[in-house]
Each structure stands twice: as structure tokens, then as C-alpha cells.
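Side chains are part of it too, since the values below use all heavy atoms of this structure and drop only hydrogens, waters and symmetry mates.
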Amino acid sequence: MSRVANSHRLRIGVITSGVSGISLAAALRACQHTIMGVSFLDTPMCVGGVREGAETCADSEALTMADRLDAMLPNVSLKEPTQLIEESDVVLLCVSAAWELRDFLEHSEEKSLWRRGQLVIHTAPDAGASLCDTAADRGAFVIAMHPAIEFTGTSLDIERLHGAYWALDAAPLVLPIGEAIVMDLGGEARIVEDSVRGDYTKAIRAATTTTHTLAREIRTLLRNAHIDDDSYAWNLMEHSLREGLRGSEEL
């Protein structure tokens with residue numbers, strides 16, 4: 001097929017709109033893959049800085065993308081997207097929604113650089129492999145791979161990726177490559193095709209929004225009851241969620 005299929009260790013270029021790309025790059029480098037560089041997709045790289053009194057990047061509320069890159073991926077360079085596409089066996093496009101990629105894929109100068117045998121991976125939850133048809137039309141292999149975790153842009157993400165579920169969509173010939181990468185990261189792959197990505201995205205958003213709201217409310221009420229212990233709140237929510245899921249199976 002290509003170098004992608006013939007080599008377990010890959011040369012990966014990361015183009016990202018947020019912290020997820022930095023965390024995924026760090027996790028992939030920990031698996032002995034080579035990170036060729038990182039490019040930020042329409043994201044300011046140098047605003048603010050580490051706030052006064054912060055001892056580490058993780059402590060800073062004004063942390064910049066460049067700061068996170070330095071903290072998570074020392075010695076990995078910022079590069080232009082065109083350079084990453086030209087140099088990399090795998091191009092990882094890390095976005096939180098499909099719309100962040102459409103303009104980049106359809107109207108940028110990078111459109112003509114995709115090549116036969118290259119692997120293009122995107123992480124948008126709301127679109128399958130067809131989102132990158134522009135690259136596929138030039139012979140690239142495309143995989144949609146969404147990790148079902150919330151990213152912090154810190155080393156905590158690498159730990160959370162172990163055991164995380166990933167929603168994959170790709171042509172049958174390419175799917176085993178995506179499954180191998182997920183396995184490399186310690187995750188579990190599930191097939192979520194383009195046609196059902198809408199429902200999948202609604203589930204992700206509902207879980208995230210509802211959980212955050214409930215966690216804040218439960219923590220506040222428990223503290224009002226003089227229980228200032230997050231493990232108590234965690235135990236309560238975990239058992240309630242388990243029972244809720246069990247009850248939904250009976251409907």
C-alpha cells in the first residue's frame with residue numbers, strides 16, 4: 001500500500017485548532033512515533049502568558065498554545081501546514097467540529113499537496129471519513145477517529161487515553177490501520193459511520209453538558225451539607241449513572 005502500511009513507526013504531522021492535537025501528539029510520541037511538527041489552525045499562538053504566581057504551565061489560566069507545545073512536546077517545532085503535509089506519512093487534523101476543517105480543506109493552498117498513499121486522520125466527532133474527500137480524491141487514505149474524552153492540554157490526557165473509546169470511520173481497506181493506532185494508544189475502537197455521526201455527536205454533547213452541570217450542583221449541595229469531599233460526589237454520581245444506564249436498557 002505505502003510506507004504507512006509497511007512501517008509500525010510513523011512520521012506524523014499535527015494540524016490542530018486546540019489542545020487536543022498537542023495531547024494526541026504527545027501520546028503518539030510516547031508510542032515511539034515521530035512527530036514532524038505542529039501547526040495551529042487559525043489559533044493565536046502568542047497571547048497572554050503564564051499568570052503571575054503560576055509555577056508551571058498547567059497552573060496558568062492564560063496559558064497559550066505555544067506554552068502548551070513547549071511543555072508537552074519539547075523539541076517539536078512549529079511549522080506551516082504545507083511543510084507538514086509534504087514531510088509526513090500521516091497528517092493528523094485535530095478539530096472539535098467539522099466546520100473547522102471544511103474551509104482549510106477546500107480553499108487553502110494545501111489542497112494540492114495531498115498525495116497517494118498518505119494517511120489523513122481527522123478527529124471531528126460530527127463527520128466521518130467523507131469530510132476529507134479532497135485528500136481522498138488525490139489518493140490519500142482517510143480515517144475519522146474521534147476520542148471520547150475531554151482534553152486538558154496537559155499530561156493528564158495521555159493517561160486518560162488509556163482505555164478511552166474511539167469512534168472510527170474509514171474504508172474497509174484502511175480501517176485496520178486506524179484500529180492499530182487506537183490500540184497503540186491503549187484505546188478501544190468502535191465503528192461509527194458517517195450516517196450516524198449526528199446522533200453520536202448529540203450523545204457526546206449531552207454527556208458533557210449534563211455531567212458538568214450535575215457535578216457543579218451536586219458538589220455545591222454536598223458542601224452545604226458539610227461534606228466537602230469530591231470522592232463522595234464522585235461515588236454518588238458513578239452509582240447513579242450506572243443505575244441510569246441499566247434502567248435505560250429496560251425501556
Side-chain angles (χ1 to χ4, degrees), residues 10-31 33-45 63-73 76-85 87-106 108 110 114 118-132 134-135 140-158 160-161 164-170 177-178 181-182 184-187 189 192 197 200-201 204-205 208:
L10 305 171
R11 299 183 306 170
I12 302 174
V14 179
I15 300 172
T16 183
S17 66
V19 297
S20 63
I22 295 174
S23 295
L24 286 173
L28 287 163
R29 188 164 75 165
C31 296
H33 298 293
T34 300
I35 304 302
M36 304 300 292
V38 174
S39 180
F40 296 130
L41 187 65
D42 297 328
T43 303
M45 291 186 296
L63 187 62
T64 70
M65 293 287 282
D67 290 331
R68 292 187 189 276
L69 180 63
D70 290 339
M72 293 283 286
L73 291 165
V76 171
S77 302
L78 283 172
K79 295 183 178 180
E80 292 297 321
T82 50
Q83 186 178 358
L84 289 177
I85 294 172
E87 293 177 350
S88 304
D89 303 316
V90 181
V91 179
L92 180 59
L93 303 170
C94 297
V95 294
S96 59
W99 66 265
E100 296 182 83
L101 270 182
R102 288 197 175 100
D103 185 64
F104 173 80
L105 291 168
E106 295 295 333
S108 68
E110 289 82 0
W114 306 112
Q118 192 171 39
L119 182 60
V120 180
I121 298 172
H122 81 76
T123 65
D126 54 338
S130 63
L131 177 62
C132 295
T134 302
F141 301 106
V142 178
I143 307 176
M145 288 177 48
H146 175 256
I149 74 166
E150 289 187 73
F151 287 94
T152 64
T154 70
S155 58
L156 289 174
D157 294 336
I158 300 176
R160 290 172 179 173
L161 284 167
Y165 286 94
W166 293 68
L168 267 62
D169 180 49
I177 301 176
I181 294 173
V182 170
D184 219 13
L185 292 168
V192 182
R197 286 269 169 158
Y200 172 74
T201 305
I204 295 293
R205 289 175 179 165
T208 302

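- Nearest heavy-atom pair across Cys132 and Leu93 is SG-CD1, 4.2 Å.
- Closest approach of Ile85 and Val91 over heavy atoms only: CA-CG2, 4.1 Å.
- Distance CD1/Ile35 to NE2/His33: 8.0 Å, rounded to 0.5 Å.
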Step by step, would you call Ile181 with Trp166 a side-chain contact (heavy atoms from CB on, under 4.5 Å)? CA-CA 10 Å; Ile181 294 173; Trp166 293 68; over 6 Å; no
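- At distances below 3.5 Å, at least one donor-acceptor pair connects side-chain atoms of His122 with backbone N or O atoms of Gly128.
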Using salt bridge (Lys or Arg N to Asp or Glu O under 4.0 Å), reason through Arg160 and Glu150 one step at a time and then give a plain yes or no. CA-CA 9 Å; Arg160 290 172 179 173; Glu150 289 187 73; over 6 Å; no
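- Using modelled atom types, one side-chain atom of Asp157 and one backbone atom of Thr152 make a donor-acceptor pair closer than 3.5 Å.
- Of all the heavy atoms in Cys31 and Leu185, the pair that sits closest is SG-CD2, 4.0 Å.
- Distance check, rounded to the nearest 0.5 Å: CG of Leu28 to CD1 of Ile121 gives 8.0 Å.
- Proximity of a side-chain donor or acceptor of Glu87 to a complementary backbone N or O of Thr82 within less than 3.5 Å is not detected.
- Distance alone, capped at 3.5 Å, is enough to place a donor-acceptor pair between the Ser88 side chain and the Gly13 backbone.
- Here Leu41 contributes atom CG and Met65 contributes atom CE; the two are 9.5 Å apart, rounded to the nearest 0.5 Å.
- Among all heavy-atom pairs drawn from Val182 and Leu168, the shortest one is CG2-CD1, 3.8 Å.
- Annotation for Leu131 and Ala124: closest pair CD2-CB, 4.3 Å, computed over non-hydrogen atoms.
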Dump the intermediate steps for side-chain contact (heavy atoms from CB on, under 4.5 Å) on Ser39 and Lys79, then the final yes or no. CA-CA 5 Å; Ser39 180; Lys79 295 183 178 180; 5.7 Å; no
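- Distance alone, capped at 3.5 Å, places no donor-acceptor pair between the Thr16 side chain and the Phe40 backbone.
- Distance CD1/Ile149 to CG/Leu24: 7.0 Å, rounded to 0.5 Å.
- Scanning both residues, Tyr200 and Pro125, for their nearest heavy atoms gives CD2-O, 3.6 Å.
- Here the CZ atom belonging to Phe151 is positioned 5.0 Å from the CG atom belonging to Leu161, to the nearest 0.5 angstrom.
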Set out, in order, the CA-CA distance, both residues' side-chain angles and the distance that settles side-chain contact (heavy atoms from CB on, under 4.5 Å) for Asp169 and Val192, then state yes or no. CA-CA 6 Å; Asp169 180 49; Val192 182; over 6 Å; no
Run the side-chain contact (heavy atoms from CB on, under 4.5 Å) test on Leu10 and Thr34 for me, step by step, so that the C-alpha distance in whole Å, both residues' side-chain angles and the decisive distance to 0.1 Å come before the verdict. CA-CA 6 Å; Leu10 305 171; Thr34 300; over 6 Å; no
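- The closest side-chain heavy-atom distance from Leu84 to Val14 is not below 4.5 Å.
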Salt bridge (Lys or Arg N to Asp or Glu O under 4.0 Å) between Asp89 and Arg11, intermediate numbers included: CA-CA 5 Å; Asp89 303 316; Arg11 299 183 306 170; 3.2 Å; yes
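- No hydrogens or angles considered: nothing links the side chains of Asp126 and Thr201 as a donor-acceptor pair under 3.5 Å.
- The CH2 atom of Trp114 lies 9.0 Å from the OG1 atom of Thr134; values are rounded to the nearest 0.5 Å.
- The backbone N or O of Met145 sits nowhere less than 3.5 Å from a side-chain atom of Thr123 that would complete a donor-acceptor pair.
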